[in-house]
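So the structure is just underneath, and the comments pick up after that.
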Amino acid sequence: MKRSLALAAAALLTVSASSGAPGDPSGGDPYFPGQGNGGYDAGHYDLVLDYSPSSNVLNGIATIKARTTQELSRFNLDLTADLDVSKVTVNDAPAAFSQGRTELVVTPTAALASGRAFTIVVEYQGRPKHVVDPDGSRGGWIRTSDGVFNANEPQGAMTWYPGNHHMTDKATYRFTVTVPSTRMAVANGDLTSRKTTGDRTTYVWDVKEPMAGYLATVTVGKFKLTDTRIGKYRTIVAVDPKLADEAVNLAERHAPVLDYFASLFGPYPFSSTGAIVDHAPNVGYALETQSRPIYDEVPSEWLLAHELAHQWFGDSVTPSRWQHIWLNEGFATYADWLWQDKIGERGLQTSFDTAYAIPAKDAFWKTPTADPGGPAALFHDRVYNRGAMTLHVLRSKVGDTAFFQILRTWTAEHKYGNADTRAFIALSERISGHDLSDFFADWLFKPGKPAL
Ligand code: ARG
Ligand code: ZN
């Protein structure tokens, strides 16, 4: 389920029918050139993992169902060299492979025809290490006192499983994770089985809706797990016992937020919801892991709303390039403003006015929202608050009816897919019937504080 970046490149290459051509080692994203790979499109990951928190040893077997998008002699998967690959097969036949710092290069015995389904199996083991993101924060496999806090935006997925880790290649997942029975493994989607053999327990989690790799999580630790249907939602909440006192009613807090957002943005896109709350003093952020956000502390109302809003904006509809991150963060911020307004915590206009009051000479206004300048700026205030302000001003220009029609059409037309800023502008103009080019130029593309 990846937009075929490789097609144009493949057309330019003259390949002999028998040998094919190597897949592009890059997904083509200027912010993270090494992320993602061309030549194939992953459809399903079946990850069988065995993890021991005390030694940090991970054993993995990744079975990836994919389809070629060109005649393919060789292809890459993203995986850090902290993990040792011991065996790779392609369609059950042993394949040659080599490992670079963040790339696993696989050469099947014979080139694969274009447009063909194939299966890759990678066996690997090692002690995963977290990555340090360009903004200085930790990501990926982040060890805690009792396991691992696993958050992968933007580039952590390569620290624990091989894959096509650009967000345009979404896939379904099954995680089968074995841990010591004193611990639990909590992932995205639906818990479908839990079995104890001896002193180890195996958890199976199924993700039936397409998911980008940066939204996957397999978090391990001591947890108190509740799995209940509340209103329309299967709500699975895992709370670190250290934080249990503050987490009262956490499961019950989900349905009202989801119902409100569903009334504004369209139906909730996933088969279950919930939260993973894991005490992790070295993390410092929460993440909208698909269907089940992960928090390093018990979330406040605005943070809970923020991560749940991302399920529509970010998880179901995902940007096609990292530079369009305001489509995630600006939208989730506007949604958390709406929720704070709804519950009487802070008025919407106050949220806007407070953000807009930043003086024009402040660095906040320097960088345009639609391209915050590079990977270190992905999660800067400018993206969140200027993005949210953009939506608020858009709403005042087109009116409430058209505004929410735009948001609902956005989530419906791009459900489980990817989209970019241009598509949002075109949709806004189509639905409102207004020429919005000056407005969007001021708010998204030009540096400087836009006049109201
Ligand atoms: N998307 C997350 C949120 O807004 C933030 C992730 C921060 N990640 C990072 N590497 N700094 O909730
Ligand atoms: Zn966010």
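Please read all numbers here as calculations on a predicted model, not as lab measurements. Heavy atoms only: backbone and side chains are in, while hydrogens, waters and symmetry mates are out. Read the numbers this way: they start at 1 and go in the same order the structure lists the ligands and their atoms.
- If you check which protein heavy atom lies closest to atom 9 (C) of ligand 1, you get Ser137 OG, 3.3 Å.
- Close approach to Asp133 involves these atoms of ligand 1, each under 4.0 Å from a residue heavy atom: 10 (N).
- Within ligand 1, counting atoms from 1 as listed, the ones closer than 4.0 Å to a heavy atom of Glu288 are 1 (N), 2 (C), 3 (C), 12 (O).
- Between Lys242 and Ser145, the side chains place a donor N or O and an acceptor N or O closer than 3.5 Å (distance only, hydrogens not considered).
- The nearest N, O or S atom of Glu307 is not closer to the Zn ion (ligand 2) than 2.8 Å.
- For the pair His254/Ile230, no side-chain contact is recorded, criterion being any heavy-atom separation below 4.5 Å from C-beta on.
- Nearest heavy-atom pair, Ile61 versus Tyr124, reported as atom, atom and distance to 0.1 Å: N-CE2, 4.2 Å.
- Listed by number with element, the atoms of ligand 1 under 4.0 angstrom from any heavy atom of Glu329 are 1 (N), 2 (C), 3 (C), 4 (O).
- Residue, atom and distance of the protein heavy atom nearest to atom 8 (N) of ligand 1 are Phe379 CE1, 3.5 Å.
- Smallest separation of non-hydrogen atoms from Asn328 and Glu153: ND2-OE2, 4.2 Å.
- Shown in contact with Tyr384 at under 4.0 Å from a heavy atom are these atoms of ligand 1, numbered in order with element: 2 (C), 3 (C), 4 (O), 5 (C).
- Heavy-atom contacts of Glu153 reach the following atoms of ligand 1: 1 (N), 2 (C), 5 (C), 6 (C), 8 (N), 9 (C), 10 (N) (cutoff under 4.0 Å).
- Note on Lys170 versus Glu209: no salt bridge recorded, every NZ/NE/NH1/NH2 to OD/OE distance being 4.0 Å or above.
- When the N, O or S atoms of Glu329 are ranked by distance to the Zn ion (ligand 2), OE1 comes first.
- Using modelled atom types and a 3.5 Å distance limit, the side chains of His306 and Glu288 yield no donor-acceptor pair.
- Between Arg321 and Asp420 no salt bridge is recorded (no basic side-chain N to carboxylate O distance below 4.0 Å).
- Remark: Asp82 engages Lys129 in a salt bridge, criterion side-chain N to carboxylate O under 4.0 Å.
- When all heavy atoms of Arg183 and Pro53 are compared, the closest pair comes out as CG-CG, 4.0 Å.
- With a 4.0 Å heavy-atom cut-off, ligand 1 is reached by no atom of Ala151.
- The closest approach between His310 and ligand 1 falls below 4.0 Å for a heavy atom of the residue.
- Put simply, the angle at the Zn ion (ligand 2) from NE2 in His310 to NE2 in His306 is close to 100°, to the nearest 10°.
- Here the protein heavy atom with the shortest distance to atom 11 (N) of ligand 1 is Asp135 OD2, 2.6 Å.
- Protein heavy atom at the shortest distance from atom 12 (O) of ligand 1 is Glu307 OE2, 2.6 Å.
- Ligand 1 lies out of reach of Gly139, whose nearest heavy atom is not under 4.0 Å from it.
- Side chains of Tyr233 and Asp259: a donor on one and an acceptor on the other come within 3.5 Å.
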